[in-house]
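This report concerns only the one structure given below.
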Amino acid sequence: MNVLNVAEKPSVAKSVSAILSRNQGMRMREGRSRYNKIFEFNYTIRGQPCHMLFTSVTGHLMELEFDERYRKWHACNPADLFRAPVNKYVPEDKKDIKRTLEEEARRCQWLVLWLDCDREGENIAFEVVDVCTAVNPRLNIKRARFSALIEREIHHAVQNLEEPKKCLADAVDARQEIDLRIGASFTRFQTMLMKDAFVIDTATDGRNLVLSYGPCQFPTLGFVVERYWEIQAHEPEQFWSINCAHDSDGRIAKFSWMRGHLFDYTCAVIIYEMCVEEPTATVTNVRQQEKLKYPPHPLNTIELEKRASRYFRMSSEHTMKVAEELYQAGFISYPRTETDNFSSRTDLHTIVQEQQGHPEWGVYAQRLLDPGTGLWRNPRGGGHDDKAHPPIHPTKFSTGESGWSQDHRKLYELVVRHFLACVSKPAVGAETTVEIDIAGELFSACGRVILEKNYLDVYHYESWGGSLIPTYTIGQQFIPTTLILDSGVTRPPPLLSEADLLSCMDKEGIGTDATMHDHIKKLLDRFYATKDANTRFTPTNLGEALVMGYDDMGYKLWKPYLRAVMERDMKFVSEGNKSKADVLATSLQLMEACFLDARVNKGKLLEAMAIFFERSNRSGNDELHAMGVVRRCGLCQESDMVLRKNRDGNFMVGCVGYPQCRNAVWLPGSLSEAVVTTNTCNICTPGPVYLIQFKFRQLEIPPNYSVNHLGCIGGCDEILSQLTEICGRGSRMPARPRGPTAPTSNAHHTNPRQRPCMNCQETGHSSNDCPLRSGNVGHRGRSEHNGEASVSCSSCGTPCILRTANTANNRGRKFYSCQSQECNFFVWEDSLNNGTGGRSATRSNSIPSSNPRRGGGRGSRGRGGQTGAHTAATTFVSATGDPISGRRCFRCGDPSHFANVCPNRGV
DNA sequence: GCAAGGTC
């Protein structure tokens with residue numbers, strides 16, 4: 001009987017073949033693919049002599065793609081991608097493997113699937129089955145389940161063959177389809193929306209700029225942006241603490257205040273003065289304890305990446321590349337593993353023995369193997385096991401190979417030292433804690449002596465500080481050598497390092513051990529974030545704007561929740577508790593609704609981008625001309641009606657389903673500007689029908705009509721109908737030059753100061769200069785204006801307009817906003833009434849959000865975190881809430897400010 | 001030009 005065996009990768013095909021054949025009578029021959037060899041040997045399965053043919057794939061054999069007609073970006077509406085047909089196909093670079101499988105399957109009776117024993121492995125198994133059964137439907141299909149490439153496991157697996165599990169593969173099918181549909185739809189949507197609308201000056205090296213969205217890459221970006229916002233929002237606050245030191249027997253004990261620190265200066269001073277008046281310290285407690293510092297758990301992929309980043313500042317992506325090369329050359333075990341627990345069957349001693357000859361750590365390895373030293377300890381597991389691979393460990397001794405780079409050496413050394421540390425005893429220290437009392441205040445000091453370094457001898461990446469303190473006895477009294485009142489300022493957390501980012505992703509289940517580094521690299525490739533020399537990530541303007549835009553919409557697409565829900569559903573499918581179809585239907589329905597909503601609210605994305613980027617003047621692009629969704633098309637019921645500006649400069653509202661759907665509303669030819677607002681019509685149905693802010697050319701409309709008009713295209717708008725009737729529709733108007741230089745305008749120009757303003761009917765200014773004009777703020781979308789100017793901007797002096805907020809948290813709340821585009825001043829009306837005063841838009845008094853930039857316009861960067869600084873008007877209040885009189889700056893004595901904003905702070 | 005998951 002001929003048995004075709006297929007593994008997930010060539011190395012497994014080779015290892016399993018070697019185990020089953022016991023390296024006797026095994027022949028290797030080439031397959032169609034140069035990497036995937038075929039091993040042949042004889043083996044007996046449950047008494048049945050078999051001729052075994054063992055080959056492999058290289059991961060997934062197939063990919064999921066849309067039908068041909070949906071692949072071109074402009075061929076369909078991105079929303080269609082939620083329902084477009086998808087197919088699995090074998091990509092060109094896997095065709096050779098497919099051919100090998102077909103040729104071998106034709107002459108076999110059995111197919112045994114040796115794919116990795118996880119969800120993806122099961123899915124690949126079904127891809128192999130599809131290819132093989134297409135040429136040989138009579139194949140008897142079996143699954144070999146093994147948890148390690150160990151002789152006993154492998155023989156057991158082949159003698160106890162099982163059935164492949166469809167529900168595991170189904171879970172992956174669902175994941176693939178959801179990832180593809182939401183990734184492609186959102187990527188096309190946001191790329192086409194923004195790429196030509198803004199000047200995004202990133203050096204793409206000739207590549208097309210793609211603003212991709214993915215359910216893993218976006219939450220990864222979210223972690224980076226969130227930390228950045230946290231730093232921006234930080235308001236430094238001064239605190240005080242009392243520190244005490246005692247110098248005796250040539251040793252120093254540094255006592256820290258058990259209250260930690262106080263933010264109330266007066267309280268701190270009062271307590272400090274009490275201590276100074278009665279400085280005698282009495283020892284109240286002396287505690288001596290043995291402390292252990294444990295070696296790390298066995299190494300898995302994420303830990304390898306984190307430690308290489310921390311110790312060598314190597315990027316996770318580069319680490320995996322180097323690790324892969326070491327693995328391919330046989331020096332370390334398989335580097336993509338979740339497992340941090342050695343199987344009890346692993347021969348750990350042999351691995352240590354191989355390292356005995358090394359000039360640097362060979363002696364340590366010898367000590368480990370000597371039972372007399374007592375250094376050996378069986379490794380503690382970290383509780384993770386992917387059932388497919390052991391923790392990363394050395395598999396071949398080397399003192400460095402000629403082809404190795406410094407990074408190869410460092411990584412191999414890390415793997416070896418980590419392994420040796422894992423099988424070593426923890427370091428042992430003796431800790432002494434001393435507590436003292438000074439005038440009723442408690443202080444403590446700690447000293448440590450390292451008794452046994454143990455694993456720290458080989459794992460020199462870690463250290464354990466030790467310091468000797470004087471000897472104390474309970475009841476002993478002494479006068480401290482120093483007793484001082486120290487001040488400090490709270491600091492924001494640091495930017496996320498690569499190791500932090502990996503931890504966030506691991507904790508929230510973003511990506512797999514084999515893909516996390518890809519998602520991090522993608523942030524850099526897409527220009528969403530940058531990494532500094534200390535491996536810390538800062539979002540770029542582009543990355544921040546995208547997250548801000550979605551956040552302003554109220555969608556948490558940049559949070560890990562979506563992936564968590566998907567993972568939960570995948571688990572249900574793989575356990576057979578939900579069907580693939582159910583999960584696909586509910587998940588995609590939800591995401592499609594979210595997509596359509598995001599498209600309606602794309603103004604938020606554009607607003608966020610406008611904070612960081614200049615608008616582009618490029619034309620000829622569809623998206624530039626499609627200026628916002630006005631309503632759902634009532635004719636085709638499938639697509640949206642969008643406001644457009646045609647090439648001849650005329651406006652219309654047309655269905656995006658054109659040319660299949662030709663529904664259109666032509667607007668008056670006298671229009672010079674039109675902007676879709678976030679306000680909706682109360683009359684027209686089905687809603688929402690978004691109102692449009694129109695601006696007409698003054699000389700082309702009758703004098704009794706206003707140049708500015710907030711109108712509706714749903715049929716209820718009498719003024720719009722009249723103007724359309726009077727001026728004719730744009731579609732029939734000849735193209736004309738636009739703008740103030742148009743000769744027709746100049747011909748009849750009158751002095752605007754002699755005529756009443758078209759906007760407010762006052763004289764002395766034109767409607768362009770009207771203080772009640774809404775123009776500038778509209779594109780920032782803060783909210784509609786109510787048109788009442790009663791406050792001047794304290795920043796630039798320009799009159800402010802009273803507006804009504806339209807955000808989720810503050811809907812209906814009034815605020816004054818500076819009209820100047822260059823100024824960010826705004827103030828809540830109710831804060832004026834209660835006397836707290838106005839400020840430039842920053843986190844502390846802006847629209848509450850996790851996003852400190854919201855509410856801020858261009859120019860607000862870098863100001864966050866600085867506001868909230870105590871001002872002259874601050875009333876000083878103690879911790880109990882009582883006002884404190886006479887409070888002054890700690891540094892210069894000025895009562896008008898706190899020390900943290902003192903002009904002499906740097907002196 | 002798009003996702004994420006395998007892998008050489």
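Below, chains carry the letters A, B, ... as their sequence lines are ordered, and counting in each starts from 1.
A 6.0 Å sphere centred on NZ of A:Lys396 holds more than 12 heavy atoms belonging to other residues, nucleotides or ligands. Heavy-atom neighbours of A:Lys321 NZ from other residues, nucleotides or ligands within 6.0 Å: at or below the threshold of 12.
Closest contact between the side chain of A:Lys9 and the listed nucleotides B:dG5, B:dC8, B:dG1 involves B:dC8. You'll find that the side chain of A:Ser212 is closest to B:dC2, out of B:dG5, B:dG1, B:dC2. Among the nucleotides B:dG1, B:dC2, B:dA3, the one closest to any side-chain atom of A:Asp179 is B:dA3. Listed nucleotides B:dT7, B:dG1, B:dG5 differ in distance to A:Glu120; the shortest reach to its side chain belongs to B:dG5.
The aromatic ring of A:Trp73 sits over the base of B:dG1, with ring centres less than 5.5 Å apart and planes inclined by under 30°.
When heavy atoms are screened at a 4.0 angstrom cut-off, A:Phe218 is found touching no nucleic acid atom at all. Within the 4.0 angstrom heavy-atom criterion, only backbone atoms of the sugar-phosphate kind lie near A:Pro215; the bases stay farther away. No engagement by A:Ser185 is indicated, since no non-hydrogen atom pair under 4.0 Å with the nucleic acid exists. The residue A:Lys522 sits close only to the backbone: its heavy atoms come under 4.0 Å of sugar-phosphate atoms, none of a base. Here A:Tyr213 lies in heavy-atom contact (under 4.0 Å) with sugar-phosphate atoms only. Note on A:Leu64: a base of the nucleic acid sits closer than 4.0 angstrom, heavy atoms only. A:Thr187 comes within contact range of the sugar-phosphate backbone alone, with a heavy-atom separation under 4.0 Å but no base atom that close. A:Arg119 comes within contact range of no nucleotide atom at all, as no heavy-atom separation falls under 4.0 Å. Across all strands, A:Gln176 comes closer than 4.0 Å to base atoms (heavy-atom distances).
Atom C1' of nucleotide B:dC8 and atom NZ of A:Lys14 are separated by 14 Å, given to the nearest angstrom. Nucleotide B:dA3 holds its P atom 12 Å from the NZ atom of A:Lys521, rounded to whole Å. Going from atom CD of A:Glu127 over to atom C1' of B:dA4 covers 13 Å, rounded to whole Å. Rounded to a whole Å, the CD atom of A:Glu567 is 14 Å from the C1' atom of B:dA3.
For A:Tyr555, there are no ring-ring contact (aromatic ring centres under 6.0 Å, His included) partners two or more places apart in sequence or in a different chain. Under the rule for a ring-ring contact (aromatic ring centres under 6.0 Å, His included), the partners of A:Phe82 that lie at least two apart in sequence or sit in another chain are A:Phe595.
A donor N or O paired with an acceptor N or O is found under 3.5 Å between the base of B:dC2 and the side-chain atoms of A:Glu65.
A heavy atom closer than 4.0 Å to some atom of DNA chain B occurs in A:Gly511, A:Thr512, A:Ala514, A:Thr515, A:His519, these being the qualifying members of residues 506-520 of chain A.
OP1 or OP2 of B:dA3 sits under 4.0 Å from a side-chain N or O of A:Arg526.
A salt bridge (charged side-chain N to carboxylate O under 4.0 Å, His left out) with A:Glu104 is found for one member of A:Arg29, A:Arg99, A:Lys37 and no other, namely A:Arg29.
A distance-only check finds a donor-acceptor pair linking the side chain of A:Glu122 to the backbone of A:Lys165 [under 3.5 Å].
Taking the six-membered ring where the residue is Trp, A:Trp404 and A:Phe331 present perpendicular rings, their angle passing 60° and hence far from 30°.
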